[in-house]
Number of protein chains: 2
Amino acid sequence: MADVKSQANPLFLREEELRQAIELLYYAYRDFTAEPDAMLARYNFGRAHHRVIYFVGRHPQMSVSDLLAILRITKQSLSRVLGQLVRQGFIRQSPGSRDRRRRLLELTEKGVELERQLSENQRQRIARAYRESGAQAVDGFRKVMFGIMSSEEDRKRVARRTEVPR
Amino acid sequence: MADVKSQANPLFLREEELRQAIELLYYAYRDFTAEPDAMLARYNFGRAHHRVIYFVGRHPQMSVSDLLAILRITKQSLSRVLGQLVRQGFIRQSPGSRDRRRRLLELTEKGVELERQLSENQRQRIARAYRESGAQAVDGFRKVMFGIMSSEEDRKRVARRTEVPR
DNA sequence: CATATAAGTCAACATGGCTGACGTAAAATC
DNA sequence: GATTTTACGTCAGCCATGTTGACTTATATG
């Protein structure tokens, strides 16, 4: 039987491999977002708020259109959550100095604190998975994840931070 | 500068590493689901329909409660999409023989065809990423993804298929 | 027979996507 | 300097998909 699957019909294993990956993405993402979602519910916030807080924290002074490009949602959708976060004092907007049409976004202290709480869980989850898998596996994980992504621009943005400075 | 980051302050790189992983999960998942979402829209279906079709295709004759356990949503939420799929002839229900309360789910031919179309895109995306990364990277990817998941039960279900039969 | 389980239904609500139309201020261009 | 483009925002309405809570029906099990 082993021969039938692994030699006589290599396509079978390949199909199983690919479906396994589909499921890994589904389950990992589901579990990865479950706990922050529960925390956010206590503020009457949702996953969309988390994404905004995360990326504004990650890229301080970014403009609204930069954020739209990362999130790939409409400005109307963003506006709803961003407006709430600004009104409730998690995010501050200030006009750009070179181009005063732009409204640059940054986390307030309150925003930084919430971001920290939300991502703490996710960082620990990743840290555990990385630790248990080893450096070589982490490298493979990164390679495959970069390969799954569509946009070269996104790849560059994500890769930049961990490059060794020359 | 390289020394400052990689030796004098190893925690900095570690933090960057973890945040990179958070972003990889976000971007990879976003891009992974974008194309099936667009296809589903043509049927007036959403991502929830895809998940149901996928898992019923993957586990033929599964019961509604099995599906609920995988999806981790309420039966009311499931009922809406499952009902549509059954009424529109993508999924067939039949009473279990041992326990006639259970309604066992399977794809119809039409359902199989839709499933194939939807996952084709995802399988190709994974295949490309796997091919470009190499077998060792794939192994690492799997290790880390399993580590990110919360449930041992889910891990077992996903791992089972690619085990070498003894 | 009593109780538990599997599945479904109805109602109401929230979140977060979407489209379309329109407005304002600032920058860029002709 | 007038016109056009860009960045951002708003209002209105729609849809998909999650939630809670209450209740029903059929079947299995103690």
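Chain identifiers are assigned alphabetically (A, B, ...) following the order of the sequence lines, protein sequences preceding nucleic acid strands; residue numbering begins at 1 within each chain.
Between B:Ile73 atom CD1 and C:dA7 atom P the separation is 14 Å, expressed in whole Å. Following rounding to the nearest Å, B:Leu104 (CG) and C:dG8 (P) show an atom-to-atom distance of 11 Å. To the nearest angstrom, P of C:dT9 lies 11 Å from CG of B:Leu78. Rounded to whole Å, the distance from NE2 on A:His50 to P on C:dG16 is 12 Å. Taking atom CG on A:Asp37 and atom C1' on C:dT15, their separation rounds to 11 Å, with Å as the unit. What separates CG of B:Leu40 from P of C:dC18 is a distance of 15 Å, to the nearest Å. Regarding A:Arg102, its CZ atom lies at a distance of 18 Å from the C1' atom of C:dT24, rounded to whole Å. As rounded to whole Å, 10 Å separates atom P of C:dA25 from atom CZ of A:Arg103.
Sorted by first then second residue, the salt bridge (Lys or Arg N to Asp or Glu O under 4.0 Å) pairs that include residues 49-63 of chain B, not counting sequence neighbours, are A:Glu16-B:Arg58, A:Glu23-B:Arg58. Under the ring pair (Phe, Tyr, Trp, His ring centres under 6.0 Å) criterion, no residue pair touches residues 96-115 of chain A, with sequence neighbours excluded. Sorted by first and then second residue, the pairs that involve residues 60-95 of chain A and meet ring pair (Phe, Tyr, Trp, His ring centres under 6.0 Å), not counting sequence neighbours, are A:Phe45-A:Phe90. Judged as a ring pair (Phe, Tyr, Trp, His ring centres under 6.0 Å), not a single pair has a partner in residues 107-129 of chain B (not counting sequence neighbours).
Checked against ring-ring contact (aromatic ring centres under 6.0 Å, His included), A:Tyr26 has the following partners two or more places apart in sequence or in another chain: B:Phe55. By the ring-ring contact (aromatic ring centres under 6.0 Å, His included) test, A:Tyr29 is found to be paired with B:Tyr29, residues two or more places apart in sequence or in another chain being considered. Evaluation of the salt bridge (Lys or Arg N to Asp or Glu O under 4.0 Å) rule for A:Arg102 yields A:Asp66 as partners, not counting sequence neighbours. Not counting sequence neighbours, A:Phe146 has no partner by the ring-ring contact (aromatic ring centres under 6.0 Å, His included) test. With sequence neighbours excluded, the residues satisfying side-chain hydrogen bond (donor to acceptor under 3.5 Å, both in side chains) with B:Gln117 are B:Glu113.
For the segment residues 79-100 of chain A, the set of residues with a heavy atom within less than 4.0 Å of an atom of DNA chain D comprises A:Ser79, A:Gln93, in numerical order.
Counting heavy-atom neighbours within 6.0 Å of A:Glu152 CD, excluding the residue itself, gives a total above 12.
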Can you give me the N/O atom pairs linking the protein to nucleotides 2-5 of chain C at distances under 3.5 Å, or say none if there are none?
| residue | atom | partner | partner atom | Å |
| --- | --- | --- | --- | --- |
| C:dT5 | O2 | B:Arg101 | NH1 | 2.6 |

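Contact annotation for A:Ser77: base contact, defined as any heavy-atom pair under 4.0 Å involving a base atom. Among the atoms of the strands shown, base atoms are found under 4.0 Å from some heavy atom of A:Thr74.
Checked by distance alone, A:Gln76 brings no side-chain donor or acceptor within 3.5 Å of a matching partner on the base of C:dG17.
Think of the region where chain B sits on DNA chain D: with heavy atoms and a 4.0 Å cut, that region ends 5' and 3' at D:dA16 to D:dA28.
Taking the charged nitrogens against the carboxylate oxygens, A:Glu153 and A:Arg72 have no contact shorter than 4.0 Å, which rules out a salt bridge.
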